Amino acid sequence: MGKELKVQLEGILENQGLARAIAAAYVSQADPTVEELTEVKTAVSEAFSNAAIHGYGMKGGTVNMEFAFTSKDTVMIKIMDKGVGIENIAMAMEPLYTTDTGQNRSGMGFTVMESFMDRIKVDSKPGEGTAVTMIKKLDTYYGI
Amino acid sequence: MGKELKVQLEGILENQGLARAIAAAYVSQADPTVEELTEVKTAVSEAFSNAAIHGYGMKGGTVNMEFAFTSKDTVMIKIMDKGVGIENIAMAMEPLYTTDTGQNRSGMGFTVMESFMDRIKVDSKPGEGTAVTMIKKLDTYYGI
Amino acid sequence: MEIIFNVMGNTLIAELLGELDHHAADSVRQRIDSALDNYRAQNLVFDFNKVTFMDSSGIGMILGRYRKMGEKDNNMAIVGCSKPIRNILNMAGVFSIIDYYNTAEEAVEVFDRKEVS
Amino acid sequence: MESKLEQIVAENTGLVKSVALRLSYVYGEETEDLIQIGYIGLIKAAERFEPERGLKFSTYAVPMIAGEIRSQLRDRGAIKMSRSIKSDIAVVRRAEAEFAAETGRSPKLSELAQKTGLTPERVTQALQAADAVKSFEDYEKADLAADEEERNVMKMDIAAGIESLELKERQVVVLRYYRDMTQSKVAEILGISQVQVCRLEKKALKNMAKKVNF
Ligand SMILES: Nc1ncnc2c1ncn2[C@@H]1O[C@H](COP(=O)(O)OP(=O)(O)OP(=O)(O)O)[C@@H](O)[C@H]1O
Ligand SMILES: Nc1ncnc2c1ncn2[C@@H]1O[C@H](COP(=O)(O)OP(=O)(O)OP(=O)(O)O)[C@@H](O)[C@H]1O
Ligand SMILES: [Mg+2]
Ligand SMILES: [Mg+2]
């Protein structure tokens with residue numbers, strides 16, 4: 001596929017804005033609405049921050065992102081880390097579930113991703129890492 | 001370096017806008033002026049189109065781009081193809097020099113890159129490909 | 001992210017500007033907490049009018065302050081959210097425990113009335 | 001030694017003019033002012049130039065001249081986030097709000113482009129820049145810039161326009177403004193008359209203005 005994009009950057013929170021901006025640049029090619037753009041950026045922000053915070057425990061490590069259009073108006077985004085992985089994926093995806101013991105995480109990251117994207121798949125193995133794949137159909141409903 | 005970014009995309013002219021947008025997203029982190037941003041985007045655009053047009057003869061192939069800050073306000077951008085390569089680099093970089101036999105190329109790509117960036121280095125071997133490395137100091141950083 | 005603090009009576013108004021993500025959240029939390037201490041404010045209003053981006057870190061930030069303010073006499077309000085931000089806060093049920101108003105003035109008025117009655 | 005420096009400066013006054021001209025388009029400042037500042041950059045370049053390193057003088061001097069001009073403008077507060085992007089942000093944001101009020105939905109990027117008259121690429125850039133706005137001061141200034149809305153004095157951005165030029169126009173503009181050549185020199189290189197160079201140059205500048213302004 002000619003429009004595929006692969007990106008590699010360091011999984012630190014400092015790079016969260018860059019990860020979002022690249023996602024926006026990619027998705028902009030399909031002429032999304034401003035709202036759709038925000039939704040995609042938010043989902044990417046959640047997945048990327050999870051890789052940095054949970055996957056790499058804030059110590060850094062490589063995050064790979066892959067972008068593709070599976071059709072003219074459907075974008076697929078994959079965000080991968082080689083961090084600690086997730087023991088129980090179904091539980092991790094529950095709203096409000098967080099392994100954070102402090103007061104800072106709300107456990108809503110996966111819920112936000114699920115609400116803003118059409119489909120989300122999580123592959124993970126403890127000790128090996130995590131891959132989050134998200135798909136969103138951009139609404140061409142308005143016929144433009 | 002924590003802020004490094006590596007990008008891989010198909011070397012087709014369709015992707016030129018995306019290459020520019022990613023460069024803009026990266027450089028924006030250093031709070032450039034609009035003018036500097038435009039200059040960087042134009043230089044990237046030239047290097048990317050050269051890879052697609054000359055390197056891969058419009059038939060496509062992988063283009064790798066690497067971005068880094070060598071200091072707080074100095075950005076380094078490397079654009080690489082594995083295409084036909086350049087026989088005589090010095091000649092290729094001369095203003096007006098083009099191997100294009102049609103009427104479409106002006107032979108100004110390298111001249112534009114040199115004018116807009118502070119330094120440019122071209123590594124190339126016939127049959128192996130070409131790497132263009134460009135450095136630009138953003139002078140907005142200090143003093144504001 | 002920049003924060004401008006404003007005090008109206010017992011109320012601290014925190015006007016946020018820029019991107020509120022997991023990267024920014026740490027320092028935002030700290031600055032708001034120390035402002036709460038410094039002003040000894042009883043009530044807190046988050047003004048989101050100039051927030052250009054927010055992810056789930058905003059939920060944690062708001063709920064964290066809610067827990068910290070805890071006691072019954074304290075009031076909290078959120079004002080000026082864009083639609084996507086409201087969506088995210090809604091997902092976590094934030095508005096079932098914290099009221100939303102259009103402007104900070106409106107929120108302060110409501111707090112004042114509560115105190116009188 | 002002294003005369004060598006003077007000679008270099010004298011030979012390269014054209015370089016200063018072309019850089020100043022280019023930057024005056026970008027920043028909307030008086031060319032004459034920028035030329036004066038540019039000379040300081042040229043002298044610095046002449047003092048520090050080391051021919052042994054095999055670099056052409058112009059290659060070495062252009063960034064120094066441009067740097068000098070930019071840094072002085074910056075000290076005067078003339079540059080930061082330049083006016084055009086600030087007003088872009090405000091214009092795009094307003095168009096978005098208006099569109100949503102009119103139609104009850106969020107606009108597509110192409111619809112924002114249509115409504116604002118900006119290119120889609122510039123709309124995207126403005127949206128990204130809007131996210132990245134970091135201070136209240138910038139935020140307020142964006143609105144002010146849109147209020148003023150002096151579109152006719154919007155800076156022309158040569159770089160942005162270059163790619164869209166036709167072959168000959170592009171050659172003329174690059175040689176004249178970036179390679180510091182006189183019209184007659186360009187005429188000689190391109191094998192056309194000086195009058196034709198002059199015409200091409202005017203047409204190119206006009207085309208770029210059309211492309212970049214809205
Ligand atoms: N990339 C990852 N690597 C390892 N664990 C992860 C990863 N992503 C998520 N998790 C686990 O899943 C849990 C839920 O993630 P989610 O993003 O929903 O909430 P959170 O990150 O804890 O809080 P919030 O995102 O609201 O700040 C996390 O607490 C963590 O235990
Ligand atoms: N990546 C590359 N691979 C192979 N050859 C290249 C590459 N980049 C440049 N060249 C060679 O260098 C020449 C000059 O490049 P330059 O970009 O200056 O001009 P151009 O591409 O021919 O014209 P223009 O960029 O003005 O449309 C090209 O004509 C081509 O022969
Ligand atoms: Mg999370
Ligand atoms: Mg070229």
Side-chain angles (χ1 to χ4, degrees), chain A residues 9-21 23-24 32-58 60 63 92-117, chain C residues 1-2 16-34 36-37 44 46 48-71 76 78 80-98:
Chain A
L9 73 177
E10 181 80 0
I12 50 176
L13 287 183
E14 231 188 320
N15 278 337
Q16 222 184 319
L18 178 60
R20 277 200 296 274
T33 63
V34 177
E35 203 170 296
E36 288 165 339
L37 208 52
T38 307
E39 290 171 347
V40 170
K41 280 162 66 180
T42 313
V44 167
S45 202
E46 297 293 353
F48 187 88
S49 69
N50 277 353
I53 296 170
H54 308 297
Y56 291 124
M58 299 292 264
V63 172
M93 294 179 76
E94 285 285 312
L96 298 176
Y97 176 84
T98 177
T99 49
D100 187 71
T101 48
Q103 296 260 323
N104 304 329
R105 312 254 86 81
S106 64
M108 289 298 282
F110 277 125
T111 311
V112 168
M113 289 182 247
E114 282 185 307
S115 319
F116 284 174
M117 305 294 276
Chain C
M1 161 159 269
E2 213 174 311
L16 311 175
L17 180 133
E19 299 177 291
L20 178 51
D21 58 13
H22 291 271
H23 178 46
D26 250 339
S27 108
V28 170
R29 272 193 296 271
Q30 282 167 18
R31 278 178 284 164
I32 291 182
D33 284 351
S34 69
L36 277 173
D37 289 344
L44 175 62
F46 289 105
F48 273 82
N49 259 305
K50 290 175 179 161
V51 176
T52 53
F53 176 86
M54 190 196 85
D55 59 21
S56 71
S57 64
I59 305 171
M61 194 273 292
I62 292 173
L63 292 181
R65 291 334 93 210
Y66 181 78
R67 279 186 218 112
K68 190 165 181 280
M69 305 258 310
E71 293 113 55
M76 243 175 99
I78 298 169
C81 297
S82 67
K83 198 170 141 209
I85 292 179
R86 216 156 36 212
N87 269 346
I88 293 173
L89 294 179
N90 242 334
M91 263 173 227
V94 168
F95 294 121
S96 61
I97 49 173
I98 302 170

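Just so we're on the same page: letters track the sequence lines, and every chain starts at 1. Because the structure is a prediction, the values reported are computed rather than measured. Computation of the quantities below employed the complete heavy-atom set of this structure, encompassing side-chain atoms and omitting hydrogens, waters and symmetry-equivalent molecules.
Using a 4.5 Å heavy-atom threshold, the side chains of A:E39 and C:P84 count as separate. Contact of the C:D21 side chain with the A:R20 side chain is registered, since non-hydrogen atoms from C-beta on lie closer than 4.5 Å.
Judged purely by distance below 3.5 Å, without hydrogens or angles, the side chains of A:Q16 and C:D55 pair a donor atom with an acceptor atom.
Here the straight-line distance linking atom CD of A:E35 with atom NZ of C:K83 works out to 3.5 Å at 0.5 Å rounding. Distance check, rounded to the nearest 0.5 Å: CG of A:N50 to OG of C:S56 gives 7.5 Å. One finds the CD atom of C:E19 at 7.0 Å from the NZ atom of A:K41 (value rounded to the nearest 0.5 Å). Rounded to the nearest 0.5 Å, atoms CG (A:L13) and NE2 (C:H22) are 8.0 Å apart. In this structure, the separation between OG on A:S106 and CG on C:L63 is 7.0 Å, given to the nearest 0.5 Å. The CD1 atom of C:I88 sits 4.0 Å away from the CZ atom of A:F116 when rounded to the nearest 0.5 Å.
Contact annotation for A:I53: only side-chain heavy atoms (C-beta onward) come within less than 4.5 Å of a heavy atom of chain C.
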